[in-house]
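A short worksheet on the structure shown next.
Numbers restart at 1 for each chain; the letters A, B, ... are given by sequence-line order, proteins then strands.
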Amino acid sequence: MSIHTPRKKARIRLDDDVSSVKTRPANTLQKQREQLPIARGREALIREIQENDTTILLGETGSGKTTQVPQYILESGIAGKGMIAVTQPRRVAATSLAARVAEEKNVSVGGLVGYSVRFDEASSSDTRIKYVSDGMLVRELLSDQLLSKYSVIVVDEAHERTLRTDFLIANLKTIQAARNSAGDVSRKGKGPASALNPLKLIIMSATLDAEKFSKFYNNARILYVKGRQHPVQIFHTSVSQTDYVDAALRTFFQIHTDRPPGDVLIFLPGQEDIESLDKSIKMYARRLPEERMTVLTCPMYAALPPAQQARIFSSAPTNVRKCILATNIAETSITIPGIKYVIDTGKCKEKRYLSKDTGGGFDTLLTRDITKSSAMQRAGRAGREGPGFCFRLYTEDAFNSMALSAEPEIRRCSLTQSVLQLKCLGQDFEAVDFMDPPEIGSVISALKTLWLLGALDNSKTLTTLGRQMASFPVEPYFARIILASKTHGCTSEVIDIVSLLSSSSALFLDISDQRDTISEVRVKFRHASGDHMTMLNALRSYQEVAASDSKGARKEWCRQHFVNERTFVEATKIRDQLRQTCQRVGIDWHASTADNEEPVLRCFVTGLVQQSAFLQPDGTYKQTMGHSVIKIHPGSTLCDKKVPAIIYDELVYTSQIYARGVSSVPKSFFSNVTPVAREA
DNA sequence: GAGCACTGC
């Protein structure tokens with residue numbers, strides 16, 4: 001069985017079968033461009049885009065759609081004098097695509113071809129093609145409601161259905177209607193209607209769900225372009241497996257003993273399974289006969305320190321078979337070269353907000369079955385460089401009963417920030433025409449949070465505070481904490497902590513077999529009040545080292561203290577951004593209360609008023625707003641401590657409901673925060 | 001007694 005693609009849904013095919021494309025060593029970039037599957041459909045594609053406002057383009061991996069379509073649009077003059085934006089869900093994709101296309105055009109990045117992502121931008125007045133992260137385009141939308149400098153917007157990877165992509169897809173439909181009907185109706189308050197330039201949209205997606213995008217955009221045309229992918233032979237198990245880690249172990253050694261050389265990629269749901277399988281493989285590999293190929297295992301997940309992540313890219317010596325144990329990170333975010341065999345457990349972890357009316361009020365992070373599109377994507381990872389094999393640890397029936405694709409984020413994430421952003425655009429979330437509407441309970445809970453934070457008044461109208469909150473590139477509750485620091489005179493400390501908390505990776509590394517050493521060395525940062533001030537202490541120590549020592553010494557200090565330097569680096573960039581935003585909204589970010597934690601914690605209570613719990617007589621903690629009994633996460637400095645009241649950064653249900661990022665605060669801090677908090 | 005993956009002027 002080979003990977004199948006739902007070809008029948010496509011109305012127009014843009015190329016011939018990939019097998020007729022000869023792969024020969026290309027001596028120029030132009031040759032390579034011409035050999036891409038999409039190149040054969042260039043003229044048809046240009047014609048379709050010219051004739052239609054919106055085009056849906058289905059392109060498989062390797063079709064070249066993301067690099068070529070923007071160039072075709074530019075070369076054919078479709079964009080007129082305007083710019084072409086291409087959105088990406090990931091920052092690295094945006095920057096590396098811009099580099100690739102600039103190279104093809106023989107220009108330097110930031111000229112004709114540029115990019116714009118958070119912390120990093122390369123564009124100029126010459127820029128015509130701009131690769132942007134989807135979050136960045138959402139930010140641009142907040143300051144230019146018609147996105148008028150773009151005449152073509154390409155939404156790439158639309159099938160991933162990130163919250164920001166869905167947000168854009170909904171808004172772009174309205175923007176397009178407004179701009180493209182400009183000749184007929186004059187729009188109030190926006191100047192002469194004829195001044196609006198029309199907007200063309202291209203929605204690009206992998207091969208599933210195209211019909212849905214088409215329906216949303218008034219039955220827009222669907223074009224299809226085949227990918228360039230080597231065949232992957234897929235095997236299913238004959239019976240379902242109860243222990244997928246054990247099944248993966250046995251499958252790996254079957255491959256290792258029976259099949260020719262080639263690296264193996266195993267998809268597992270999380271760090272815990274990866275560590276356990278890593279141990280087992282190493283143990284059994286030692287028992288192999290001497291003359292066999294040896295095994296090199298490489299764990300791969302986002303929380304792994306960068307140095308260990310880098311190991312997956314170095315090629316193994318001959319007679320060594322590399323085995324990569326990865327989470328979903330290897331499904332979309334990184335491409336690992338040299339993979340010939342994929343073992344797919346069929347499992348992943350998914351974060352999902354469990355609303356109050358279903359007994360929740362917190363996030364869950366649980367292992368679940370993957371979707372069909374995920375399974376196909378995983379299998380495809382074996383066919384990047386040559387024919388490959390995919391061993392699915394589930395039956396064909398199980399595959400057939402999988403959901404087609406993941407539920408969009410809008411249906412399972414907190415909507416607080418998006419609701420606030422839409423309020424800033426003068427729109428109500430419940431009134432927006434989304435491709436998949438959110439659950440009403442989720443919208444109500446976001447509105448309630450915004451009201452508690454003071455961003456909305458009793459009539460759900462945006463307040464001045466709310467508008468200020470939206471200007472900070474952090475979660476609304478963090479923004480509220482920063483704004484509270486103006487009153488308490490500790491903006492400097494608060495911004496430092498919030499920067500660390502909003503970094504993408506955790507500051508304190510957790511290496512399970514070194515936990516004793518780690519807690520010993522970490523004692524020196526420990527602050528009695530809990531995790532927030534402890535992080536600040538660690539930051540202060542790092543800053544001392546960074547100020548006086550070399551880069552090497554800094555790295556060594558981080559290694560010795562088991563802290564993630566990448567987090568400090570990212571936090572510093574976020575801090576600078578937050579300082580700039582403070583300046584704009586009239587807050588002096590220099591304000592400091594030195595070592596006094598009381599004002600700092602008061603600010604945190606203001607923003608984390610919903611994220612608090614009181615100690616019960618039986619020694620457990622119970623939410624102040626909500627009815628769940630929660631536990632302090634074992635990684636917290638306050639674990640096993642009994643204090644009257646705590647605030648926490650997040651609540652996640654895994655094996656239990658754990659509060660992470662916890663500080664102890666006096667109960668008295670909760671009075672005067674909000675009317676609701678007083679009741680609690 | 002222990003965290004899937006992303007993003008933000």
In whole angstroms, how far is the [atom2] atom of [N] from the [atom1] atom of [X]?
X: Ile370(A); N: dA5(B); atom1: CD1; atom2: P; value: 15 Å
X: Ile274(A); N: dA5(B); atom1: CD1; atom2: C1'; value: 12 Å
X: Ile632(A); N: dA2(B); atom1: CD1; atom2: P; value: 15 Å
X: Glu407(A); N: dC6(B); atom1: CD; atom2: P; value: 21 Å
X: Leu304(A); N: dA5(B); atom1: CG; atom2: C1'; value: 15 Å
X: Leu638(A); N: dA2(B); atom1: CG; atom2: C1'; value: 16 Å
X: Ile574(A); N: dT7(B); atom1: CD1; atom2: P; value: 11 Å
X: Arg381(A); N: dA5(B); atom1: CZ; atom2: P; value: 15 Å

Classify the side chain of Gln577(A) versus the base of dG8(B) as yes if they form a donor-acceptor pair under 3.5 Å and no if they do not.
->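 Checked by distance alone, the answer is no.
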Closest listed nucleotide, where the reference is the side chain of [X] and the choices are [options]:
X: Arg91(A); options: dT7(B), dA5(B), dC4(B); answer: dT7(B)
X: Ser655(A); options: dA5(B), dG8(B), dA2(B); answer: dA2(B)
X: Asp510(A); options: dA5(B), dT7(B), dA2(B); answer: dA2(B)
X: Lys631(A); options: dC6(B), dA2(B), dG1(B); answer: dG1(B)
X: Leu365(A); options: dC4(B), dG8(B), dA5(B); answer: dC4(B)
X: Cys639(A); options: dG1(B), dG8(B), dA2(B); answer: dG1(B)
X: Gln271(A); options: dG8(B), dA2(B), dC4(B); answer: dC4(B)
X: Arg90(A); options: dA5(B), dC6(B), dG8(B); answer: dC6(B)
X: Gln417(A); options: dG1(B), dA2(B), dG8(B); answer: dG8(B)

Validate the cation-pi geometry between Arg522(A) and Phe562(A): distance from NZ or CZ to the six-membered ring centre under 6.0 Å, angle to the ring axis within 45°.
->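 No, Arg522(A) does not sit over the ring of Phe562(A).
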Quick one: label [X] by what it contacts on the DNA or RNA (base, sugar-phosphate, nothing), any heavy atom closer than 4.0 Å.
X: Glu157(A); value: nothing
X: Glu409(A); value: base
X: Thr367(A); value: nothing
X: Ser504(A); value: base
X: Phe119(A); value: nothing
X: Phe472(A); value: nothing
X: Glu475(A); value: base

Indicate whether OP1 or OP2 belonging to [N] is found under 4.0 Å from a side-chain N or O atom of [X].
X: Thr162(A); N: dT7(B); answer: no
X: Thr332(A); N: dA5(B); answer: no
X: Ser333(A); N: dC6(B); answer: yes

When Ile495(A) is tested against each of Asp576(A), Leu578(A), Ile587(A) for side-chain contact (heavy atoms from CB on, under 4.5 Å), which residue passes?
->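 By the side-chain contact (heavy atoms from CB on, under 4.5 Å) criterion, Ile495(A) pairs with just one of Asp576(A), Leu578(A), Ile587(A): Leu578(A).
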Smallest separation among heavy atoms of [X] and [Y], with atom names:
X: Ala247(A); Y: Gln241(A); answer: CB-OE1, 3.7 Å
X: Glu331(A); Y: Ser374(A); answer: OE2-OG, 2.7 Å
X: Leu425(A); Y: Leu141(A); answer: CD2-O, 3.6 Å
X: Thr416(A); Y: Pro476(A); answer: CG2-CG, 3.9 Å

Closest-nucleotide ordering on DNA chain B, the 5'-leading residue of Gly270(A) and Gln580(A) =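 Mapping each residue to its closest nucleotide by heavy atoms, the 5'-most match is Gly270(A).
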When the nearest nucleotide of DNA chain B is assigned to Val474(A) and to Glu650(A) on a heavy-atom basis, which residue is associated with the more 5' position?
->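 Closer to the 5' end of DNA chain B: Glu650(A).
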Verdict with reasoning, Phe429(A) to Phe434(A), per ring-ring contact (aromatic ring centres under 6.0 Å, His included) | CA-CA 9 Å; Phe429(A) 206 95; Phe434(A) 284 107; 4.8 Å; yes
